[in-house]
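These notes are about the structure you will find just below.
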Protein chains: 2
Amino acid sequence: MRATIRDVAREAGVSIATVSRVLRDSTAVRPTTRDRVLAAADELEFVPSALGRQLAERRHAANGIVFPDLSGPYYAEVVLGYESVAAELGRSVLILSTRDRPDAESAVQAMAERCDGLVVLGRTVPDAAVERLVVRGAHVVMVARPPVGGADSVNARNRQGARALTEHLLDLDVRRLVFVGDPSTSPDVAERLRGIQEALPADADLQLHHVDSLDEECGAHVVGDYLTRALPDAFVCANDELALGMLGRLSAAGVDLPGRVKVAGWDDVMAARYAGLTTVRQPMRELGATAARLLDELISGSRSHPTHELLPTQLVVRSTTLGKVAP
Amino acid sequence: MRATIRDVAREAGVSIATVSRVLRDSTAVRPTTRDRVLAAADELEFVPSALGRQLAERRHAANGIVFPDLSGPYYAEVVLGYESVAAELGRSVLILSTRDRPDAESAVQAMAERCDGLVVLGRTVPDAAVERLVVRGAHVVMVARPPVGGADSVNARNRQGARALTEHLLDLDVRRLVFVGDPSTSPDVAERLRGIQEALPADADLQLHHVDSLDEECGAHVVGDYLTRALPDAFVCANDELALGMLGRLSAAGVDLPGRVKVAGWDDVMAARYAGLTTVRQPMRELGATAARLLDELISGSRSHPTHELLPTQLVVRSTTLGKVAP
DNA sequence: CGACGGTTTGTAACCGGTTACACGAGCACC
DNA sequence: GGTGCTCGTGTAACCGGTTACAAACCGTCG
């Protein structure tokens, strides 16, 4: 059995209070006593129990993060940014993927019991579940999702990015475009679609192509649907993976790109750069990092009113949208 | 303040022991008493404190996982497989990325205090640090890394996969090949290189091209180095991302592929399929899932002797290694 | 009717820390 | 020499659960 604070106290001939004081450096302890305690702790290889400490301090020193999935670069990057800041702030990170989990809500509730606050990403649990968390006093930050109840939120400027992208396409004489994605599953995606709609003039035509998932496989499938009928001037995809999947399939089918059709993605994942994909960059890692900071403010109590951060997006034009549409 | 078990006991007019019994369903409680307790718990919206429970049970009901990074599909998939099984087993998952962290070892030690066992992936902390964990009684499973001390391990059959890939290339008359990667940073990569060396006949030529990192950017850089000198017959990359980066740059440079040079990757990430990349598939998610199961056996004490699992790899031939080398 | 055995329930001691409060020692000051 | 202060340390009560053990209760049987 591992040594406890009482063992150390006995070994050093002091009380457990003194041991605790030495180890947390809280109040003055006579140097000779301190040395005795440290020697005893060293001798017994004492490591304080995280559980005992947490219970006494009534804090977990841990944050949670809930995401739908980790396949694909987007969520992974957000989690990475989050973990990195949380670690700096001395907090551990608990993860929870709602992927294939029918009991997502109860899993999130259970997680909330194990941390001081948590971040909820995109389409994971319903708003009502988040509200319940907040009502119960949990500290919650939403990412890539409109704020719920009194929770904080961090979002990218999706509308703005969508407008910039749309204007760029309009400059290339694009008039018939297809949005590939499912606005019903992700609030972020819905925002992007809305931004495009707002920027489009009346004489332009926007179709919505639903997909089941936002991965490369789906992108490739979408192309299949268009090989037998008329291609639009441009495809705008809900994320880069869809777009990359389309690129592969289009080039395999021998479609001239960007001459015959243009393709744009969203996120600016690393692969987009190497594929020459036009996209809207959003600061994925910074989304996670900002969420971690907001959460820390909530937990430490340095702020009580909800905050809603908007991070910039940026149009990145590459070779998949070069040149005007042929008349 | 939230209700505690004592509040519920008072409200129901029973002792805390009875409340605890009702809530954990351990021993027989008279139905009428049970109902009173449940009603009281409901009334007070009682949710048992995870910390109190954990301290009393002396278990965290949480597992850790340590990885170098989360950019790129490989680690993300392993983590996903791990989380999914851990959740099934009723355990939370703590993550720790050693990326850009100078104090990785102490961070891992701290994490070990907060969970019942942990998984250490690839190149993260030195062997000595893992040994210290094991000596201190921590349950440790290594993934993509040779076992250390008494720890369990889960690995893919790297040598076997490398041999299959090499034989495939030899069949195509490849004689001069370049391995792109850094065997010194990752034991997995070193194994792959060794497998190739073992399978190569004496008249073949294998060069090693070091890279700083295993991402697409590095892959693109590598190509730059070869555009001014002779290309080998084939590049074998330590992972798919390197290979994908090379593909993009090679095709931009107008190099005939697979005619002039062949390229192979490793992992079989989703993008590899759409890029037509020949690669060696390893079951990334299953690596994580297996680690979670082994860890559970260690923690539950159902097994005490170390186990070392080897998961299959599989050569996946696609268009980047089609046709024989031109004489 | 009392002994006996099984079922329910309560008491209290944990788990391993933190910390409010009290107490004693040492010192300066009047 | 007594008073009052500061400094260092110990006592004990927490934090919020689980659980060994004992006790109380109830029905049955001799």
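All chains are named by letter (A, B, ...) in the order of the sequence lines, taking the proteins before the strands, and each is independently numbered beginning at 1.
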- Task: Could you check which of D:dG10, C:dT8, C:dT18 has an atom nearest any side-chain atom of A:Glu57?
- Result: C:dT18

- Query: Using a cut-off of less than 4.0 Å, is there contact between a side-chain N or O of A:Ser15 and OP1 or OP2 of D:dT11?
  - Reply: no

- Taking only the side-chain heavy atoms of B:Ala17 (C-beta and beyond), determine which of C:dT18, C:dG10, D:dG8 contains the nearest atom. C:dG10

- Round to the nearest Å and state the distance from B:Asp7 atom CG to D:dC14 atom P. 14 Å

- Item | Contact nearer the 5' end of DNA chain C, comparing B:Thr32 with A:Val19 | B:Thr32

- Task: Heavy atoms only: give me the nearest A:Glu83-B:Leu96 pair and the separation to one decimal.
- Result: OE2-CA, 3.5 Å

- Take atom CZ of A:Arg10 and atom P of D:dG10, then tell me their distance rounded to the nearest Å. 14 Å

- Of D:dG8, D:dG16, C:dG17, the nucleotide closest to the side chain of B:Ala56 is D:dG16

- Message: Let's see if you can work this out: which of C:dT18, D:dG16, C:dT9 has an atom nearest to the side-chain heavy atoms of A:Ile5?
- Response: C:dT18

- Protein-nucleotide distance (A:Ile16, atom CD1; D:dA12, atom P), rounded to Å: 11 Å

- Close side-chain approach of A:Val79 and A:Glu77, heavy atoms under 4.5 Å: no

- Query: Reckon B:Thr33 has a side-chain N or O less than 4.0 Å from the OP1 or OP2 of C:dT8?
  - Reply: no

- Message: Taking the minimum atom-to-atom distance to the side chain of A:Arg21, which one of C:dC15, D:dG17, D:dT9 wins?
- Response: D:dT9

- Short side-chain N/O contact to D:dT18 OP1/OP2 from B:Ser20, under 4.0 Å: yes

- Item | Matching residue for B:Arg145 among B:Asp188, B:Asn155, B:Asp127 - test: side-chain hydrogen bond (donor to acceptor under 3.5 Å, both in side chains) | B:Asp127

- Note on the structure: Out of C:dG10, C:dG16, D:dG16, minimum distance to the side chain of A:Thr4 belongs to C:dG16

- Side chain of A:Arg58, base of D:dG16: donor and acceptor closer than 3.5 Å? no

- Task: List the steps, then state whether side chain to side chain contact (heavy atoms under 4.5 Å, CB included) holds for A:Leu294 with A:Arg303.
- Result: CA-CA 9 Å; A:Leu294 291 186; A:Arg303 175 173 56 77; 3.7 Å; yes

- Query: Can you tell me how far P of C:dG17 sits from NE2 of B:His60, to the nearest Å?
  - Reply: 11 Å

- Query: Whole Å only: how far is the CG atom of A:Leu51 from the P atom of D:dT18?
  - Reply: 14 Å

- Task: Between C:dC15, D:dT18, D:dG10, spot the one nearest the side chain of B:Arg24, thanks.
- Result: D:dT18

- Quick one: A:Arg53 CZ to D:dG16 P, roughly how many Å, whole number? 18 Å

- How would you label the contact of A:Leu55 with the nucleic acid (heavy atoms, under 4.0 Å): base, sugar-phosphate, or nothing? base

- Task: Side chain of B:Ser49 only, please: which of D:dG17, D:dT9, C:dG16 is the nearest?
- Result: D:dG17

- Task: Check step by step if side chain to side chain contact (heavy atoms under 4.5 Å, CB included) holds for A:His308 and A:Val154.
- Result: CA-CA 6 Å; A:His308 306 295; A:Val154 185; over 6 Å; no

- Task: Starting at atom CD of A:Gln54, determine the distance to atom C1' of C:dT18, rounded to an integer number of angstrom.
- Result: 13 Å

- Query: Any side-chain N or O of B:Arg6 under 4.0 Å from OP1/OP2 of D:dG16?
  - Reply: no

- For the student: nearest non-hydrogen atoms of A:Ala76 and B:Leu70, plus distance: CB-O, 3.5 Å

- Message: Whole angstroms only, please: what is the CZ-C1' distance between B:Arg59 and C:dC15?
- Response: 15 Å

